[in-house]
Amino acid sequence: MGNYYQPEIETASREEILAIQNEKIVKQVKHVYDNVKYYRDLMDAKGVKPEDIQSVDDIKKLPFLTKADLREAYPYGLLGTDLKNCVRIHSTSGTTGKRVVAFYTQHDVDLWNDCCARAIVAADGSSEDVCQVAYGYGLFTGGFGLHGGSEKVGCLTLPMSSGNTDRQIQFMMDLGATILCCTPSYAAYIGETLAEKGYKPSDNKLKAGIFGAEPWTEEMRHSIEESLGIKAYDIYGLTETSGPGVAFECCAQSGMHINEDHFYAEIIDPDTGEVLPEGSKGELVFTSLDKEAFPLLRYRTRDICVLTREKCACGRTHVKMSKPMGRSDDMMIIRGVNVFPSQIETVLLNEGYTPNYQIIVDRVNNSDTIDINVEISPDQFSDIVGENQAKERKLESAMRTMLGIGPKVHLVAPKSIVRSEGKAVRVIDKRKLHD
Amino acid sequence: MAIQQLSVFVENQKGKLLGTVKALADAGINIRAMSIADTKDFGILRLITSDNQKAMEVLADESIVNTTMVIAAKMEDRAGALYQVLQILSDAQINIEYLYAFTASEDFGAYVVFRVSDAAAAQEILNAHGVATLDDADIIEI
Ligand SMILES: [Zn+2]
C-alpha cells in the first residue's frame, strides 16, 4: 500500500470503475459524433449510431482509427471543439512521416496533468520532493506533461528540458533533485556523465526516476537504477492520447496501471481487428472517455502488449499493461526476419556495453544489410587491433543468436551517436532510398 | 622499468587525427614516438610523449585514451641487431603483439618499442642479455 493522488478513483472497485466508464463513454461517443465529421463518416459507413453505444461493452462496434487516419485528417479533421476553446497543441516528432497534431482544451490539460500527478505520487512523490523534468519542452509532450503533474503534486519543479547535461547535473546536485523525469536513454547518459565526473550513485539525492517515451528493457532499468542509485518507474503515453501518463508504473514495477477512468483499453488481433480475451498478447487500442478537443475512439497504438487485472500490491485497482513488447512502427523486416531494436539493446547490456547504439539497414545487391554501431567505454578499448576486432566478432555472434540474422558490429567512440531531444536516433533505414 | 604508452581511439573521419595531434601541439606536448594501426572502423594511435599525464588530460575531451606498459629497447647500429633481440624474446616464450621504431634526438640511437604480454618479464630478460631499455625518466630526457 502506498500513497495515491486520487485514492477514491485509483483504488475504486471494478464495479465503480465500470460505472464511471459506462457513463462517460455514452457522452464521449455522442460528443464525437456531433462534432467530428471524419469519425461520424466512419461510423455511418459502418452503420453504427451513437445510441448503439450504451456501455463499454459496445465499444467493439465502433470503427478503428489508425495513424493513417490522423495523417489524413491533419490538421483539424479530428478536432472535437471550436479552436477558440483550445489552449494548446502538441505534436509528434514526425520521424516516421507526417506529424500528428493533438489539441487540448483547459479541461484536457487538467485531466492529463492529473494522470501525470498520479504517476509521480506512485513513484513516491509528494510536496516534499524536488522534481527535475529533463524531458524536452515544446511540441513534444514529455516536458509539459510531467511538469504539469509535478506542479499538481506540489513538488518543487525544475523545468530543465533535455540537453545541456552539465547544467542538468549542476542543478541536480545543487538543488538536491529527488525525482528525475526524462527518456531512459537520457537517464543512462546522465548516469554515465555523473560517473565520468567522479560522482558515486550515493552522491546525489535522487530516489526515483520516471522514464518513458521510448522502448527500454529490464536490463536497462537495472543499469539506470544502479548508476543513479534510484528506483526507476516506467510511464506510457502517446501524443495522440494526450501524452505520458495514460499508464504508469507503481512500486510493484510489474506493468503500468492504465488510468481507466479516462482511457478504455482493448487488446486486439492486429491482423483481424478482433478483440482478444483478457491476458492475450495483441495490439493495444485506446478509447478516450472524457476528452474535449482531441477525442479519439478506438485508436490503434501499434504497441503489442498484454493487459492483466490481477490484484496489485500497491492497492490500485486499474488494469495493468505490460511494457510494450514491440511496436510495429519500430519493427524492421530484414531479410524476411522481424527485428526489434529492444532485442539488440538486450544483447548489448548482457555483453556489458552501454545501450548507446545505432542500427543502419541498407540494401546492397538486392540483399538487406544490417550494421550496428556500438559506443564503447574506455575500459573496453584495447591498444591491440585483434582484441577490438574480437569484441566486435563476439557481439556479432551474440546478435546472430538473438536476431536470427547476422549483423556487422562496429565499435565507435563514446557519445558519437547523435541524440536529439534526449532521444537517440536508433534506426536509419536507407533501403527506402533505393525503392 | 618499462615505459608508459598512450593509446588513443581515433574515429575514421575527416579531421579526427588532425584534431588529436593539434590538441597535443596546443598543449606543448612533444611526441617522442608513435605508430598508428588502422582498422576498418577506427584507428589506434599509439604515443609516447614528453608528458603523458598532461597528454591524457588534453585528449580525454577528444576521445578515449588508455595506457599500456611497453618496452623501448636500444638497438645496436649493425646488421642482425633486431634479430638478436627478437631471438632473446622468442627463447623466453614472450609473444609480441606489435612493435615500432623511433630515433632519439639526444644520442641519435635507434630504439624499438615492443608491446608484449608481460612487459616486466621482457624487460628483465633483455637487460640480463645486456640489451639497454628506457624507463619513464629517460623519455623526458631524450
Ligand atoms: Zn500497482
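In what follows, chains are A, B, ... by sequence order, proteins preceding strands, each numbered from 1.
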Contact check, side chains of B:Tyr98 and A:Val385, non-hydrogen atoms, under 4.5 Å
no
Interface moiety of B:Phe9 toward chain A, non-hydrogen atoms closer than 4.5 Å
both
Interface moiety of A:Gln389 toward chain B, non-hydrogen atoms closer than 4.5 Å:
side chain
CD1 (A:Ile384) and CD1 (B:Ile44) are apart, to the nearest 0.5 Å, by 8.5 Å
Would a distance-only check, ignoring hydrogens and angles, find a side-chain to backbone donor-acceptor pair under 3.5 Å from B:Asn66 to A:Phe381?
yes
Are A:Glu392 and B:Asp41 close enough that some pair of their side-chain heavy atoms sits under 4.5 Å apart?
yes
So does A:Asp383 get a backbone contact from the side chain of B:Arg46, meaning a donor-acceptor N/O pair under 3.5 Å?
yes
Around atom CD of B:Gln13, are there more than 12 heavy atoms from other residues, nucleotides or ligands closer than 6.0 Å?
yes
So do B:Val65 and A:Pro378 actually touch side chain to side chain, heavy atoms under 4.5 Å?
no
Let me know if A:Asn373 has heavy atoms under 4.5 Å from chain B in its side chain, its backbone, both or neither.
neither
Just so I know, are the side chains of B:Lys40 and A:His410 near enough to count as touching, which here means a heavy-atom distance under 4.5 Å?
yes
Exceeds 12 heavy-atom contacts within 6.0 angstrom, atom CG of B:Asp77:
no
Spacing of OG1 belonging to B:Thr39 relative to CG belonging to A:Asn388, to within rounding of 0.5 Å:
7.0 Å
NZ/A:Lys408: more than 12 non-hydrogen atoms of other groups inside 6.0 Å
no
Kindly check if the number of other-residue, nucleotide or ligand heavy atoms within 6.0 Å of NZ (A:Lys231) is above 12?
yes
Neighbour count >12 (heavy atoms, 6.0 Å) for atom CD, B:Glu124
no
Contacting region of B:Val8 [heavy-atom separation from chain A under 4.5 Å]
backbone
